[in-house]
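Note that the structure is predicted; figures quoted are calculated from it, not measured.
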Amino acid sequence: MRIAVFASGNGSNFQALVEYFKENEVPATIDWLFCDRPDAFVLQRAEKLGIKATCFSPKEFASKVLYEQAILEELANHQIDLIVLAGYLRIIGKELLTAYENKIINIHPSLLPDFPGLHGIRDAFEARVKETGVTVHYVDSGVDTGPIIRQEKVEIEPQDTLVTLEEKIHRIEHRIFPEAIVELINMGDSTQ
């Protein structure tokens with residue numbers, strides 16, 4: 001199985017995935033990174049890790065449909081079977097959802113359905129809830145509404161700051177995201 005990772009920013013989850021796949025026997029490879037922001041640090045991570053990367057912005061296209069069609073061409077060129085969103089800050093549109101139905105996975109920094117959207121960690125922290133967490137889920141046409149694959153809780157301690165909570169969340173993400181992907185791959189392999 002060939003995997004593409006989509007990312008828009010720093011890329012710590014991307015790096016954790018690549019390192020996990022290199023260090024463990026996984027019946028899949030991370031073959032390509034797609035990024036929508038030319039200044040994103042994830043592109044430097046990809047170069048250091050030896051992963052091919054492509055970057056273009058939706059602003060370069062007349063419509064979201066044309067943008068996603070260009071992505072689909074790249075996915076076909078790289079023979080990608082599964083898309084993993086790791087900090088990709090765009091809503092996936094109909095073109096990609098149709099072509100990769102049930103083959104797009106996302107990680108979100110909250111216990112969905114609570115605190116969907118771009119600021120899950122901050123929203124949970126500001127809501128003063130006692131716990132939040134990390135969710136790995138399939139992507140559908142909603143915002144963080146797809147079927148849940150795996151979740152793990154993170155307690156928000158009285159001494160936590162937004163920074164310490166972010167650090168706790170990222171540690172969990174870096175561990176459970178690759179594990180959840182490998183579990184899905186192995187389940188798929190056992191049914192073939």
Side-chain angles (χ1 to χ4, degrees), residues 1-37 39-53 55 80-90 92 103-112 114-125 129 131-139 144 146-157 159-188:
M1 176 175 286
R2 296 171 64 92
I3 298 173
V5 177
F6 286 23
S8 298
N10 183 24
S12 67
N13 272 311
F14 166 72
Q15 182 166 339
L17 285 168
V18 172
E19 289 172 353
Y20 184 95
F21 273 61
K22 285 182 177 180
E23 294 167 6
N24 296 277
E25 287 187 34
V26 178
T29 53
I30 296 176
D31 292 286
W32 181 60
L33 170 76
F34 175 72
C35 181
D36 61 331
R37 295 182 177 178
D39 59 343
F41 187 68
V42 71
L43 293 166
Q44 293 176 40
R45 289 183 193 262
E47 187 174 344
K48 285 181 184 174
L49 293 165
I51 303 294
K52 294 176 190 166
C55 181
I80 298 299
D81 303 299
L82 179 70
I83 299 170
V84 173
L85 307 181
Y88 183 66
L89 302 178
R90 300 208 177 271
I92 300 296
K103 293 182 180 178
I104 306 175
I105 298 167
N106 185 40
I107 190 158
H108 183 76
S110 78
L111 290 177
L112 293 173
D114 295 336
F115 309 110
L118 287 177
H119 305 290
I121 300 172
R122 185 190 71 200
D123 293 346
F125 183 78
V129 294
E131 66 181 18
T132 185
V134 175
T135 303
V136 179
H137 66 96
Y138 288 103
V139 176
D144 298 322
I148 292 170
I149 298 165
R150 184 168 173 185
Q151 288 185 310
E152 189 165 317
K153 293 178 181 176
V154 174
E155 286 190 40
I156 302 177
E157 306 288 342
Q159 68 272 18
D160 272 327
T161 64
L162 183 56
V163 171
T164 62
L165 180 59
E166 287 173 347
E167 290 169 355
K168 288 162 93 173
I169 292 285
H170 292 316
R171 278 195 302 273
I172 300 295
E173 287 177 335
H174 296 168
R175 179 175 50 77
I176 75 165
F177 203 20
E179 291 173 358
I181 292 166
V182 170
E183 285 173 20
L184 288 173
I185 291 166
N186 289 334
M187 286 189 326

Apply the test side chain to side chain contact (heavy atoms under 4.5 Å, CB included) to residues N106 and V136: give CA-CA distance (whole Å), side-chain angles for both, the deciding distance (0.1 Å), then the verdict.
CA-CA 6 Å; N106 185 40; V136 179; over 6 Å; no
Check the pair E166, R122 against salt bridge (Lys or Arg N to Asp or Glu O under 4.0 Å), reporting the backbone distance first and the verdict last.
CA-CA 8 Å; E166 287 173 347; R122 185 190 71 200; over 6 Å; no
Between E155 and K168, is there a side-chain N and carboxylate O pair less than 4.0 Å apart?
no
Taking side chain as C-beta onward, heavy atoms only, is V154 less than 4.5 Å from L165?
yes
Determine the minimum heavy-atom distance between A46 and A53, stating which atoms define it.
CB-CB, 4.1 Å
Rounded to the nearest 0.5 angstrom, the OH-NE2 distance for Y20 and H174 is 14.5 Å
Side chain H108, main chain F115, donor-acceptor under 3.5 Å:
yes
Any side-chain heavy-atom pair from W32 and I80 closer than 4.5 angstrom?
yes
Closest non-hydrogen atoms of L184 and Y138, given as atom of the first, atom of the second and distance, are CD2-OH, 3.3 Å
Output, in order, the C-alpha distance, side-chain angles, deciding distance and verdict of side chain to side chain donor-acceptor pair (under 3.5 Å) for T135 and H137.
CA-CA 6 Å; T135 303; H137 66 96; over 6 Å; no
Picking from I92, V84, I83, I105, what satisfies side-chain contact (heavy atoms from CB on, under 4.5 Å) with V139?
I92
Just wondering, do V134 and I107 contact through their side chains at under 4.5 Å, heavy atoms?
yes
Looking at every non-hydrogen atom in both residues, tell me the closest pair between L49 and F14 and how far apart they are.
CD1-CE2, 3.9 Å
Quick one: do the T164 and D160 side chains pair a donor with an acceptor below 3.5 Å?
yes
Could you tell me whether the side chain of K153 reaches within less than 4.5 Å of the side chain of Q151, counting heavy atoms only?
no
Identify the two heavy atoms, one from I149 and one from A180, that lie closest to each other, and give their separation to 0.1 Å.
CG2-CB, 4.5 Å
When you look at H170 and E167, which way does the side chain to side chain donor-acceptor pair (under 3.5 Å) test go after all the steps?
CA-CA 5 Å; H170 292 316; E167 290 169 355; over 6 Å; no
Check whether any side-chain heavy atom of L111 lies under 4.5 Å from a side-chain heavy atom of E131, and answer yes or no.
yes
Contact check, side chains of T132 and D114, non-hydrogen atoms, under 4.5 Å
no
After noting the C-alpha distance and the side-chain angles of V182 and N24, does the key distance pass the side chain to side chain contact (heavy atoms under 4.5 Å, CB included) rule?
CA-CA 10 Å; V182 170; N24 296 277; over 6 Å; no
To the nearest 0.5 Å, what is the distance between CZ (F21) and CD1 (I30)?
4.5 Å
Taking side chain as C-beta onward, heavy atoms only, is C55 less than 4.5 Å from L43?
yes
Which distance, rounded to the nearest 0.5 Å, do you find between the CD1 of I51 and the CZ of R45?
13.5 Å
Other residues, nucleotides, ligands: >12 heavy atoms within 6.0 Å of E25 CD
no
Provide the closest heavy-atom pair for I169 versus G133 in the form atom of the first, atom of the second, distance.
CD1-O, 3.4 Å
Mind checking the OG-CZ spacing from S12 to F41? Nearest 0.5 Å is all I need.
10.5 Å
Please list all pairs meeting salt bridge (Lys or Arg N to Asp or Glu O under 4.0 Å) that have one or both residues in residues 12-21, counting only residues at least two apart or in different chains.
none
Check: I3 and I185 side chains under 4.5 Å, non-hydrogen atoms
yes
Measure from the side-chain N and O atoms of R2 to the backbone N and O of T29, and report whether any donor-acceptor pair falls under 3.5 Å.
no
Taking atom CZ of R150 and atom CD of E183, what is their separation to the nearest 0.5 Å?
5.0 Å
Name all residues meeting the side chain to side chain contact (heavy atoms under 4.5 Å, CB included) criterion together with R90; count only those two or more places apart in sequence or in a different chain, and write none if there are none.
D36, P58, Y67, Y88
If only atom types and distance count, is the side chain of S8 paired as donor or acceptor with the main-chain N or O of L89 below 3.5 Å?
yes
How many angstroms lie between NZ in K52 and CD in E47, if you round to the nearest 0.5 Å?
14.5 Å
